[in-house]
Amino acid sequence: MNPLLVALLAGLLSMAGVGALYLAFNDTPKRTRPTRPALSHAAQRDLVGAIAAGSVVMLLTRWPTGSLAIGVFVMSWRWLFVADDAKAEREKIEAIAQWLEDLRDIVRRSSVAIEKAVELVAEDTTGVLRSPMEHFVLRRRQGVRLPEALAAFADDVEHPTCDAAVAAIVLVVGGAAGGGRLYDTLDELASAARDEMRARDEIDRTRRVFQRAMRRLVTLTILFVAGLTIFASDLMSPYRTVAGQIWLLIPCGLWGTCLVWLRRLTRYDLGTRYRLRIPDGVAS
């Protein structure tokens with residue numbers, strides 16, 4: 001092979017691999033992207049598996065393009081077919097619904113003020129909202145006013161339902177709304193959160209059917225190409241050249257584009273958040 005062509009091909013493959021890895025590990029929009037470590041333990045295992053799978057394909061076929069394509073595919077398997085973000089989103093909605101129900105029950109059954117009720121629920125919260133609630137309690141102990149602490153809590157949770165609940169509480173605390181309707185408002189918001197969770201469960205069950213079909217299709221395609229390589233090597237001989245490897249980038253790129261597009265169709269798009277602006281009179 002021409003060394004210049006080999007170097008060019010290696011550069012193209014490296015850029016494609018970097019782009020695929022960027023898509024796999026940077027799915028969160030920039031404005032809400034949290035700070036997180038470079039690679040988790042699961043991602044490290046996926047990376048080791050991708051290197052192993054790519055090395056095996058390289059030894060068996062001598063195809064740099066096929067080796068890189070299989071490696072990127074194995075590395076992206078969890079991102080493509082494991083809906084961790086959907087599971088985390090459902091857990092957050094369920095936690096918000098539970099928080100609203102607890103707050104609603106305290107408002108209804110006790111005579112404590114809404115400020116005290118919010119703090120009582122915050123001190124007894126576990127699960128997904130534990131960290132935001134701990135920050136809320138810490139701010140209150142540091143002397144931060146309740147509306148400001150609630151606004152910061154809503155920013156920590158980052159969910160429209162939580163924003164609506166916080167806005168209702170802030171209006172009651174500031175005297176802009178009657179406290180008698182707070183129970184009804186919290187009850188309606190909790191019911192809306194439960195309805196959203198049930199709707200997403202129905203959608204996820206349908207999505208899992210298509211994900212299983214996509215996994216079977218991808219597996220059959222890989223087995224078909226492997227069978228042709230082993231039992232009909234003459235048909236695959238044109239791909240052993242530099243030009244063949246470059247042309248192989250086209251079907252691999254199309255497959256990768258389709259998989260990434262299908263994965264992005266399974267993302268949850270949250271509604272517009274309520275950006276709370278605390279008036280000076282309420283904050284003080």
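Being a predicted model, the structure only gives us computed values, none of them experimental. All values below come from the heavy atoms of this structure, side chains included, with hydrogens, waters and symmetry mates left out.
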If Ile, Leu, Val, Met, Phe, Trp and Tyr residues are connected whenever their side-chain heavy atoms lie under 4.5 Å apart, and connections chain through other members, are Ile93 and Val128 in the same group?
-> no
If two hydrophobic side chains count as joined below 4.5 Å and joins carry through other members, does Phe231 share a cluster with Leu220?
-> no
In this structure, CD of Glu89 is separated from CE of Met197 (nearest 0.5 Å) by 12.0 Å
Above 12 or not: heavy atoms from other molecules or residues under 6.0 Å from CZ of Arg198?
-> yes
With sequence neighbours left out, the residues meeting side chain to side chain contact (heavy atoms under 4.5 Å, CB included) with Asp156 are Pro132, His135, Arg139
Same cluster or not: are Val166 and Ile106 linked, directly or through other Ile, Leu, Val, Met, Phe, Trp or Tyr residues, by side-chain heavy atoms under 4.5 angstrom apart?
-> yes
Any sub-3.5 Å donor-acceptor pair from Thr65's side-chain atoms to Gln245's backbone N or O?
-> yes
Output yes when Glu94 and Arg90 qualify as a salt bridge under the 4.0 Å nitrogen-oxygen rule, no when they do not.
-> no
Do you reckon Ile70 sits in the same ILVMFWY cluster as Val48, going by side-chain contacts under 4.5 Å, direct or chained?
-> no
Go through the steps for Glu123 and Met133 under the test side-chain contact (heavy atoms from CB on, under 4.5 Å), then give the verdict.
-> CA-CA 7 Å; Glu123 293 173 354; Met133 285 295 185; over 6 Å; no
Using the test side chain to side chain contact (heavy atoms under 4.5 Å, CB included), find all partners of Leu138 that sit at least two apart in sequence or belong to another chain.
-> Gln142
Supply the atom-to-atom distance Cys162 SG to Leu100 CG, rounded to the nearest 0.5 angstrom.
-> 7.5 Å
Value for CG (Leu103) from CD (Gln98), rounded to nearest 0.5 Å, stands at 11.5 Å
Hey, are the side chains of Val118 and Phe136 touching, using non-hydrogen atoms and a 4.5 Å cut-off?
-> yes
Under a 4.5 Å cut-off applied to non-hydrogen side-chain atoms, are Asp102 and Asp124 in contact?
-> no
At their closest point, which heavy atom of Ser55 faces which heavy atom of Ser67, and how far apart are they?
-> N-OG, 4.3 Å
Got Arg141 and Val137 here, is their nearest side-chain heavy-atom distance under 4.5 Å?
-> yes
Would you check, one step at a time, whether the test salt bridge (Lys or Arg N to Asp or Glu O under 4.0 Å) holds for Glu158 with Lys92?
-> CA-CA 10 Å; Glu158 294 183 337; Lys92 178 182 286 189; 5.2 Å; no
Residues, nucleotides or ligands: over 12 heavy atoms within 6.0 Å of Arg109 CZ | no
Where the side chain of Ser237 meets the backbone of Asp234, is there a donor-acceptor pair that is under 3.5 Å apart?
-> yes
Leu217 and Thr221: which non-hydrogen atoms are nearest, and at how many Å?
-> O-OG1, 2.8 Å
Supply the atom-to-atom distance Glu115 CD to Leu150 CG, rounded to the nearest 0.5 angstrom.
-> 9.5 Å
Specify the closest pair of heavy atoms between Ala95 and Leu129, including all atoms of both residues, with the distance to one decimal.
-> O-CD1, 3.6 Å
Do Arg145 side-chain atoms and Ala149 backbone N/O form a donor-acceptor pair below 3.5 Å?
-> no
May I ask whether Val74 and Ile222 are part of the same hydrophobic cluster, defined by side-chain heavy atoms of I, L, V, M, F, W, Y residues being less than 4.5 angstrom apart, directly or through others?
-> yes
Which atom names give the shortest non-hydrogen contact between Ala165 and Leu189, and what distance separates them?
-> CA-CD1, 3.5 Å
Could you list the residues that satisfy side chain to side chain contact (heavy atoms under 4.5 Å, CB included) with Ile250, not counting sequence neighbours?
-> Trp247, Leu254
Can you find a pair of side-chain heavy atoms, one from Glu196 and one from Thr161, that are under 4.5 Å apart?
-> yes
Side-chain touch Trp63/Met58, heavy atoms, less than 4.5 angstrom | no
Output for pair (Cys252 SG, Leu68 CG), nearest 0.5 Å, gives 8.5 Å
With no hydrogens and no angle check, do the side chains of Arg104 and Tyr183 hold a donor and an acceptor under 3.5 Å apart?
-> no
Side chain of Ser76, backbone of Phe73: donor and acceptor closer than 3.5 Å?
-> no
